Amino acid sequence: MKKRNIWSGLLFGIGVMGFFDELVFHQLLQWHHFYDWSTTEVGIFADGLFNAFAWFATIGGLFLLADLKRQRIFQRTRWWGAVSLGAGLFQLFDGIVLHKILRVHQIRYVDNLIVYDLVWNISSIILIIIGVVLLRKATKQEVKEG
């Protein structure tokens, strides 16, 4: 029961953050593509694959959520904690692994990139902390009730 609430929330959080990243930074602001080291066409194709991944994760999380609710085992605090944790982990993975280690793209191509990196990674850490706090709260509630 706990794991299914967590998996549902993680998938949903990863998917929603991926979709948010794609919508805001790739499409609206046009700061980068998922893969920037080729032609514009390859970048847009990579964005499409990334967007498909985000939607599959989101829909997968929602299918699990529907099943949790159907079985009456949905745990709101645990689920929202996992959503925040998933969103933060996705964003931190993107900021560290994709931006800095693999260098498939940067947040934005400017001279003072460190400001963008700090905001990106600090906001991901804040989401992770919120998620951990909510998951601990859910565990404490369960201990009190159990």
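This structure is a prediction, so every number in the text was calculated from the model and none was measured.
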- [ ] Please name the pair of heavy atoms, one in Ala54 and one in Gly18, separated by the smallest distance, quoted to 0.1 Å.
- [x] CB-C, 3.9 Å
Open item on the list: Evaluate Trp79 against Leu65 for side-chain contact (heavy atoms from CB on, under 4.5 Å), listing each step before the verdict.
Closed with: CA-CA 9 Å; Trp79 190 81; Leu65 174 63; 3.9 Å; yes
Open item on the list: According to a hydrophobic-cluster definition based on side-chain heavy atoms being under 4.5 Å apart (Ile, Leu, Val, Met, Phe, Trp, Tyr only), do Leu118 and Val115 belong together?
Closed with: yes
Open item on the list: For Ile73, is there any backbone N or O sitting under 3.5 Å from a side-chain donor or acceptor partner on Asn5?
Closed with: yes
TODO: Output the distance between atom CG (Leu23) and atom CG (Asp47), rounded to the nearest 0.5 Å.
DONE: 11.5 Å
Open item on the list: Assigning hydrophobic clusters by single linkage (Ile, Leu, Val, Met, Phe, Trp, Tyr; side-chain heavy-atom cutoff under 4.5 Å), is Val83 placed with Phe93?
Closed with: no
TODO: Measure the shortest side-chain to side-chain distance between Arg108 and His32 over non-hydrogen atoms and say whether it is less than 4.5 angstrom.
DONE: no
Task: Heavy-atom pair of closest approach, residues Gly61 and Ser8 - done: O-OG, 2.8 Å
- [ ] Please check if Phe90 and Tyr116 belong to a single hydrophobic cluster, counting links between Ile, Leu, Val, Met, Phe, Trp and Tyr side chain heavy atoms closer than 4.5 Å.
- [x] yes
TODO: Please examine the side chains of Phe45 and Val42, heavy atoms only from C-beta on, and report whether any two atoms are closer than 4.5 Å.
DONE: no
Open item on the list: Holding to side chain to side chain contact (heavy atoms under 4.5 Å, CB included), I want the full list of residues that pass it with Leu135, two or more places apart in sequence or in another chain.
Closed with: Ile6, Arg78, Leu85
Task: Pairwise distance OG(Ser84) to CD1(Ile126) - rounded to 0.5 angstrom - done: 10.0 Å
Task: Single-linkage hydrophobic cluster, 4.5 Å side-chain cutoff, Val24 and Met17 together - done: yes
Open item on the list: Within this structure, what is the CD-NE2 distance for the pair Glu22 and His33, rounded to the nearest 0.5 Å?
Closed with: 9.5 Å
Open item on the list: Using modelled atom types and a 3.5 Å cut-off, is there a donor and acceptor pairing between side-chain atoms of Gln75 and backbone atoms of Lys2?
Closed with: no
TODO: Output the distance between atom CG (Leu127) and atom CG (Leu89), rounded to the nearest 0.5 Å.
DONE: 9.5 Å
Task: Trp7 atom CH2, over 12 foreign heavy atoms within 6.0 Å - done: no
- [ ] Rounded to the nearest 0.5 Å, what's the gap from CD on Gln91 to CD1 on Ile128? Could you check?
- [x] 8.5 Å
Open item on the list: Quick check: do Phe50 and Asp21 have side-chain heavy atoms less than 4.5 Å from each other?
Closed with: yes
Open item on the list: Tell me whether Thr77 contacts the main-chain N or O of Leu134 through its side chain, where contact means a donor paired with an acceptor under 3.5 Å.
Closed with: no
Just distance, no hydrogens or angles: give the donor-acceptor pairs under 3.5 Å from side chains in residues 98-107, sequence neighbours left out.
residue, atom, partner, partner atom, Å
His99, NE2, Asp94, OD1, 3.4
His99, NE2, Asp94, OD2, 3.4
His99, NE2, His105, NE2, 3.1
Lys100, NZ, Gln106, OE1, 2.9
Lys100, NZ, Asp117, OD2, 2.8
His105, ND1, Phe34, O, 2.8
His105, NE2, Asp94, OD1, 3.4
Gln106, NE2, His99, O, 2.7

Task: Trp80 atom CH2: more than 12 heavy-atom contacts under 6.0 Å - done: no
Task: Flag side-chain contact, heavy atom, 4.5 Å: Arg4 against Gln71 - done: yes
TODO: Please say whether more than 12 non-hydrogen atoms of neighbouring residues, nucleotides or ligands are located less than 6.0 Å from CZ in Phe20.
DONE: no
Task: Heavy-atom check, side chain of Asp67 versus side chain of Phe63, under 4.5 Å - done: no
Open item on the list: Rounded at 0.5 Å granularity, tell me how far CG in Leu92 sits from CG in Asn121.
Closed with: 5.5 Å
TODO: Indicate, with yes or no, if Ile125 and Val133 share a hydrophobic cluster defined by side-chain heavy-atom contacts under 4.5 Å among Ile, Leu, Val, Met, Phe, Trp and Tyr.
DONE: yes
